[in-house]
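Right, one structure below, let's go through it.
No experiment lies behind these values; they were computed from the predicted model shown. Proteins get letters first, then strands, A, B, ... in listed order; numbering begins at 1 in each.
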There are 2 protein chains.
Amino acid sequence: MTIKLSNTNQRRVIIEELKKLTSHPTADELYEIVKERLPKISLGTVYRNLEQLSAAGLIWKLELSGSQNRFDGNVEKHFHKRCPNCGAVEDIEYHAFAEADRHLTNACQNYAIEGYTLEFRGLCYCCQSS
Amino acid sequence: MTIKLSNTNQRRVIIEELKKLTSHPTADELYEIVKERLPKISLGTVYRNLEQLSAAGLIWKLELSGSQNRFDGNVEKHFHKRCPNCGAVEDIEYHAFAEADRHLTNACQNYAIEGYTLEFRGLCYCCQSS
DNA sequence: TTAAAAAGTGATAATGATTATTAAATTTTA
DNA sequence: TAAAATTTAATAATCATTATCACTTTTTAA
Ligand SMILES: [Mn+2]
Ligand SMILES: [Mn+2]
Ligand SMILES: [Zn+2]
Ligand SMILES: [Zn+2]
């Protein structure tokens, strides 16, 4: 049942560059970065691979509400905070909200709910000091 | 500071029809409904008014992750569940998750977080029985 | 090892949701 | 009631994403 992916150079570079970043880039932001190593790569290839890699569980596709999709090389359980001013997306350590998560999951038991998506809003460091 | 909106017939009908529904329609779905009363109305007018009405706090704009925006005539505090199979959006009564909400809000205090967005995933009634 | 089959690529076109533009109409202001 | 402000309908433009397709690369399995 595991998805099988060919070993192409493009795929290798895409996942490698994504995993270097903590910025949760959009497909086109990552495209610009990958292009430095693979100048002939096309944006469609980046989109296609990000889609496949997230389907395979190797990366995360962040479908944040009301914004362009972003991608995350860190697949450990954690949440995100988006800055309403500049749009930056930052990690929030899971442990900070672990208890709330337990309560949410428990409340879910009584309903036909499979899971939830939770995202926070708050000014990033840059936008706080300006 | 309150936003002032002119009293146009289009605006009146849009909000009136939205408030009749519990289906959280998209702009184009509501457009089809409103068109029965105002056949000459344009889709752009529906988009513009939904935007203004939600900016004024008279309705809710639901920016659900990874899907077209939907609109809600019910501005009381509540959450939503989206069916991963058919895309339907249903209400979840706030009280069911009030305790979890308290925990989330408390955890937020220690961080520069202004608020959060929470949405659930689960098969709707139709999709469960098929 | 090699040839057929499968998967992936790059270039580009197409799609779909939303926003912008603009002249004309309506509503508000005073 | 006339000028100012807002809104409308029609339409064009934008922007993110997906689809298409001829060609190349990778995988499979004899
Ligand atoms: Mn992250
Ligand atoms: Mn609702
Ligand atoms: Zn910021
Ligand atoms: Zn369903």
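- Residues B:L104 and A:H103 have side chains not in contact (no heavy-atom distance under 4.5 Å, counting atoms from C-beta outward).
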Under 3.5 Å between N/O atoms: give me all the protein pairs with nucleotides 9-14 of chain D, atom names plus distance.
residue	atom	partner	partner atom	Å
D:dA9	OP1	B:Q10	NE2	3.2
D:dA9	OP2	B:S42	N	3.4
D:dA9	OP2	B:T45	OG1	2.7

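- Donor-acceptor pairing under 3.5 Å is lacking for the side chains of A:N106 and B:E99.
- Per the geometry, CD belonging to A:E29 stands 15 Å off C1' belonging to D:dT17, to the nearest Å.
- Within 6.0 Å of the OH atom in A:Y125, the count of heavy atoms belonging to other residues, nucleotides or ligands does not exceed 12.
- Residues A:I113 and B:L123 do not share a hydrophobic cluster, clusters being chains of Ile/Leu/Val/Met/Phe/Trp/Tyr side chains in contact below 4.5 Å.
- In the helix from C:dT1-D:dA30 to C:dA30-D:dT1, the terminal helix axes, each the rotation mapping four pairs' C1' atoms onto the next four within five end pairs, subtend 40°, rounded to 10°.
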Polar-atom pairs under 3.5 Å, protein N or O versus N or O of nucleotides 22-30 of chain D: list them with distances, or write none.
residue	atom	partner	partner atom	Å
D:dT27	OP1	A:N7	N	3.1

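- The interatomic distance linking A:E51 (CD) with C:dT9 (C1') rounds to 17 Å, in whole Å.
- If you take CG of A:N49 and P of D:dT18, they are 13 Å apart, rounded to a whole angstrom.
- The backbone N or O of A:L53 lies less than 3.5 Å from no partner atom in the side chain of A:R11, so there is not a single donor-acceptor pair.
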For residues 30-38 of chain A, run the donor-acceptor check on the side chains, cut-off 3.5 Å, and write out each pair with its distance to 0.1 Å, sequence neighbours left out.
residue	atom	partner	partner atom	Å
A:R37	NH1	A:E16	OE2	3.0
A:R37	NH1	A:E17	OE2	2.7
A:R37	NH2	A:E16	OE2	3.3

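- Of the residues in residues 58-70 of chain B, none lies under 4.0 Å from DNA chain D by heavy-atom distance.
- Atom CD1 of A:I14 and atom CZ of A:R48 lie 8.5 Å apart (nearest 0.5 Å).
- Note: CG (A:L53) to C1' (C:dT9) measures 15 Å, nearest angstrom.
- For the pair B:Y31 OH and C:dG16 P, the interatomic distance rounds to 17 Å; values are reported in whole Å.
- OP1 and OP2 of C:dA7 both lie 4.0 Å or more from every side-chain N or O belonging to A:Q52.
- A salt bridge links B:K61 with B:E63; the closest basic N to acidic carboxylate O contact falls under 4.0 Å.
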Side chains of residues 86-95 of chain A: which donor-acceptor pairs under 3.5 Å do they make with residues two or more places apart or in other chains?
residue	atom	partner	partner atom	Å
A:D91	OD1	A:H24	NE2	2.8
A:D91	OD1	A:H78	NE2	3.1
A:D91	OD1	A:H80	NE2	3.2
A:Y94	OH	A:D101	OD2	2.4

Assess the residue pair B:R82 and B:E119 against the criterion (side-chain contact (heavy atoms from CB on, under 4.5 Å)); give the C-alpha distance rounded to whole Å, side-chain angles, the decisive distance to 0.1 Å, and a yes or no. CA-CA 8 Å; B:R82 186 152 45 124; B:E119 75 191 55; 3.4 Å; yes

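- Counting heavy atoms of neighbouring residues, nucleotides and ligands inside a 6.0 Å radius, atom NZ of B:K40 does not exceed 12 of them.
- Phosphate proximity of D:dT17 to A:Y47: present, with a side-chain N or O under 4.0 Å from OP1 or OP2.
- Following rounding to the nearest Å, B:D28 (CG) and C:dT19 (C1') show an atom-to-atom distance of 15 Å.
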A:T105 and A:R102: side-chain hydrogen bond (donor to acceptor under 3.5 Å, both in side chains), yes or no, with the steps? CA-CA 5 Å; A:T105 308; A:R102 258 193 305 282; over 6 Å; no

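- For B:Y116 and A:F79, the ring centers sit 6.0 Å or farther from each other.
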